[in-house]
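What you see below is based on every heavy atom in this structure, not just the backbone, and it leaves out hydrogens, waters and symmetry mates. In what follows, chains are A, B, ... by sequence order, proteins preceding strands, each numbered from 1. The structure presented is a predicted model; accordingly, all values stated were derived computationally and were not measured.
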Number of protein chains: 2
Amino acid sequence: MGGMPTSRSYGDACSIARALDVVGERWSLLVVRELLLGPQRFSDLRRALPGASSNMLTDRLRELESHDVVARSPAGYELTESGRGLEPVVLALGGWGMRFPLPADAHLSATSVLLFLRGSRDPGSRATYRIELGDRAWAVTAGDGPLHIETGAPVHADAGLRTDPATLNALLDGSVTLAAARAAGTAALSGDEAALKRLLEPSASS
Amino acid sequence: MGGMPTSRSYGDACSIARALDVVGERWSLLVVRELLLGPQRFSDLRRALPGASSNMLTDRLRELESHDVVARSPAGYELTESGRGLEPVVLALGGWGMRFPLPADAHLSATSVLLFLRGSRDPGSRATYRIELGDRAWAVTAGDGPLHIETGAPVHADAGLRTDPATLNALLDGSVTLAAARAAGTAALSGDEAALKRLLEPSASS
DNA sequence: CGGTATCCTTTGCGATACTG
DNA sequence: CAGTATCGCAAAGGATACCG
C-alpha cells in the first residue's frame, strides 16, 4: 500500500497529547482549517494545500475520518460535530501565529482569507454578500453578532465581489482600495458598493 | 551533526499555518505543555516525555528557542512571553482531546495532572498547598478566581500532599479516596486535611 | 547533570503512473 | 474527477556511546 494511515501515539495519558495523537500529524490541522467554512471536495483541498501531495492528502483524510473528525458527504469532505469542536483551537492558533512573518513564496487559500475576514470584522449593519474566489463562491452574512460565512453562493445577495485570495487579502489589510482593485481588473463588484466598503475596509475592533 | 533544528515550512500565508511552522512539529506542543506551570530542566523534560529521545528533545528545544517560544534561564527552560501566549491554544486542545480514549500503556506527567487539577477545580476558599510528586514540588494557591499553580514549594502551606501523578489523577477523578490512598501508602498528607479534601474532591463546575 | 556525536533504521512523503 | 499503486530517497528519529 501507498501509506497506511499513520497511527503513531505519544503514549501519554494527557488529553493534550491525545488530541495531538489525532490531529498532531503534519497537514492535519490545515485540512481542518480548510473545512471550517463548509464541505470541500478532494480537488478543492488539493488546490488549497498545494504543498500536500495526493497521497498525503488521502492519508490525512482517512486518518481524520477514522477518528471521526472528518466525514464524507455528497458535497465532499466535511467536519463532523467532533471536528467542528476544533474551531476554537484552530482560531486560537491562528491568533497566536500572527506574530510570525510570512514565509517566502507564501500561498494563500481562499478559506484562510475568509477566516481572516470573519475574525477581523464586526459588521455594522445587516447585509448578505456573495464572494467569488476562483471558481467557488461563499455566502457572507452580516447581522447581529459575528459574521457568518459558508460555502456556496447565497440565494440573495445585497452585493457581490469577484476577485482572488491575494487581492481580497490586500483589500482587508488596507494595502489596496476597492477602487484600485477594480481599476486594475483584479476585482469585480456588483450590487451595493457602500455595503462592500463597510465589509472590507479595515475596522479597528477591540 | 545529529539533527539540525527542523525548519520545514508549509509555505502558507495563513497565520494558522505560520503557527504550525513553529509549533507544529512532533513533540513541540508537549514541550510547551510541560513548561506551562514554570521552568523545567532538561532532565525533568526527559522524565516527563519518556517517549522523546535525548536528541529529539534537544532539537525541539533549540527550534523553540530560535522562534522565541522558549528561553533558557538559570532555572532551566522556560516559556517566553510569546510562548505563554500558547496557553489558551494548548488548553483548548486539551479540552477537545478529552473525548478520546487513553492510549495503551499511557504515561502521565506531573504537569499534565496538575493542569487537569487547575482546569477542573474552582476552589471555595483561600488556601495554599504544597504538592509533591516524585522529587519535585509545586505551590497551589486557591483564592479568588482560578487556581494558581507554579513550580517550587510554597513558603507557607496550609496543607501538603505527597504522592505520584497516577494517584493524584485517581484522586481527581474520584476513583480513589484520600483515605484509601493514604491507607495504601501511595499518598501522604500533612496540615489541613479538610482543605485538601476540598481541593481534590471532584467538583461539578459549569 | 546536561547535553553531543555517531550510526543506522524507519518512514514520511514526493514523483509518477495508473484506474474506476 | 477522485483517488490508488509503486517506487525511491531524504530526512526523522531511536540507540548507544561519549564529553565538559
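At whole-Å resolution of the value, CG in Leu57(A) and P in dG3(D) are 9 Å apart. Atom pair Tyr10(B):OH and dG12(C):P shows a separation of 14 Å (rounding to whole Å applied). Note: CZ (Arg62(A)) to P (dA5(D)) measures 11 Å, nearest angstrom. We find that CG of Leu61(A) is positioned 17 Å from P of dC1(D), with the value rounded to whole Å. As a whole-Å value, the separation of Arg72(A) CZ from dC1(D) C1' is 13 Å. Atom pair Arg41(A):CZ and dG3(D):P shows a separation of 9 Å (rounding to whole Å applied). To the nearest angstrom, P of dC13(C) lies 9 Å from CG of Asp59(A). As rounded to whole Å, 14 Å separates atom P of dG3(D) from atom CG of Leu49(A).
The side chain of Met56(A) sits closest to dG14(C) out of dG14(C), dG3(C), dG14(D). Distance from the side chain of Arg8(B) is smallest for dC13(C) among the nucleotides dC13(C), dG14(D), dG12(C). Listed nucleotides: dC13(C), dG2(C), dT4(C). Nearest to the side chain of Arg26(A): dC13(C). With distances taken from any side-chain atom of Phe42(B) to the nucleotides dG3(D), dC13(C), dG3(C), the minimum falls on dG3(C). Minimum atom distance to the side chain of Ser43(A) is reached by dA2(D), of the listed dG14(D), dG13(D), dA2(D).
No contact: Arg46(B) has no heavy atom under 4.0 Å from any strand. Contacts of Gly51(A) with the nucleic acid, taken as non-hydrogen atoms under 4.0 Å apart, involve only primed sugar atoms and P, OP1 or OP2.
Axis angle, first five pairs versus last five pairs of the helix from dC1(C)-dG20(D) to dG20(C)-dC1(D): 50°, rounded to 10°.
Scored by the side-chain contact (heavy atoms from CB on, under 4.5 Å) test, Ala166(B) finds Asp164(B) as partners (sequence neighbours excluded). Applying the side-chain contact (heavy atoms from CB on, under 4.5 Å) test to Ala71(B) and every residue at least two apart in sequence or in another chain returns Thr80(B). Qualifying salt bridge (Lys or Arg N to Asp or Glu O under 4.0 Å) partners for Glu150(A), counting only residues two or more places apart in sequence or in other chains: none. Taking Thr151(B) as the reference, Pro39(B), Arg136(B), Trp138(B) meet the side-chain contact (heavy atoms from CB on, under 4.5 Å) condition, with sequence neighbours excluded. Remark: Arg126(B) pairs with Asp144(B) by the salt bridge (Lys or Arg N to Asp or Glu O under 4.0 Å) rule, at least two apart or across chains. With sequence neighbours excluded, the residues forming a ring pair (Phe, Tyr, Trp, His ring centres under 6.0 Å) with Tyr10(B) are Trp27(A), listed by chain and number.
Using a 4.0 Å cut-off, no side-chain N or O of Ser53(A) falls inside it from OP1 or OP2 of dC13(C).
In terms of polar N and O atoms assigned as donor or acceptor, the side chain of Asn55(A) comes within less than 3.5 Å of the base of dT6(D) in a complementary pairing.
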For nucleotides 17-20 of chain D, print each protein N/O atom paired with a nucleotide N/O atom at under 3.5 Å, atom names and distance only.
none

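Considering CG of Leu200(A) and CD1 of Ile131(A), their distance stands at 6.0 Å, rounded to 0.5 Å.
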Next on the checklist: Determine whether Asp44(A) and Arg47(A) satisfy the following criterion, salt bridge (charged side-chain N to carboxylate O under 4.0 Å, His left out), listing intermediate values before the conclusion.
Outcome noted: CA-CA 5 Å; Asp44(A) 297 323; Arg47(A) 248 170 287 123; 3.7 Å; yes

Return a table of donor-acceptor pairs under 3.5 angstrom between the side chains of residues 91-102 of chain B and protein atoms on other chains or two or more places apart.
residue: Trp96(B); atom: NE1; partner: Ser82(A); partner atom: O; Å: 2.8
residue: Arg99(B); atom: NE; partner: Trp96(B); partner atom: O; Å: 3.0
residue: Arg99(B); atom: NH1; partner: Ser82(A); partner atom: OG; Å: 3.1

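Between Arg118(B) and Glu87(B) there is a salt bridge, since a side-chain N of the basic residue sits under 4.0 Å from a carboxylate O of the acidic one.
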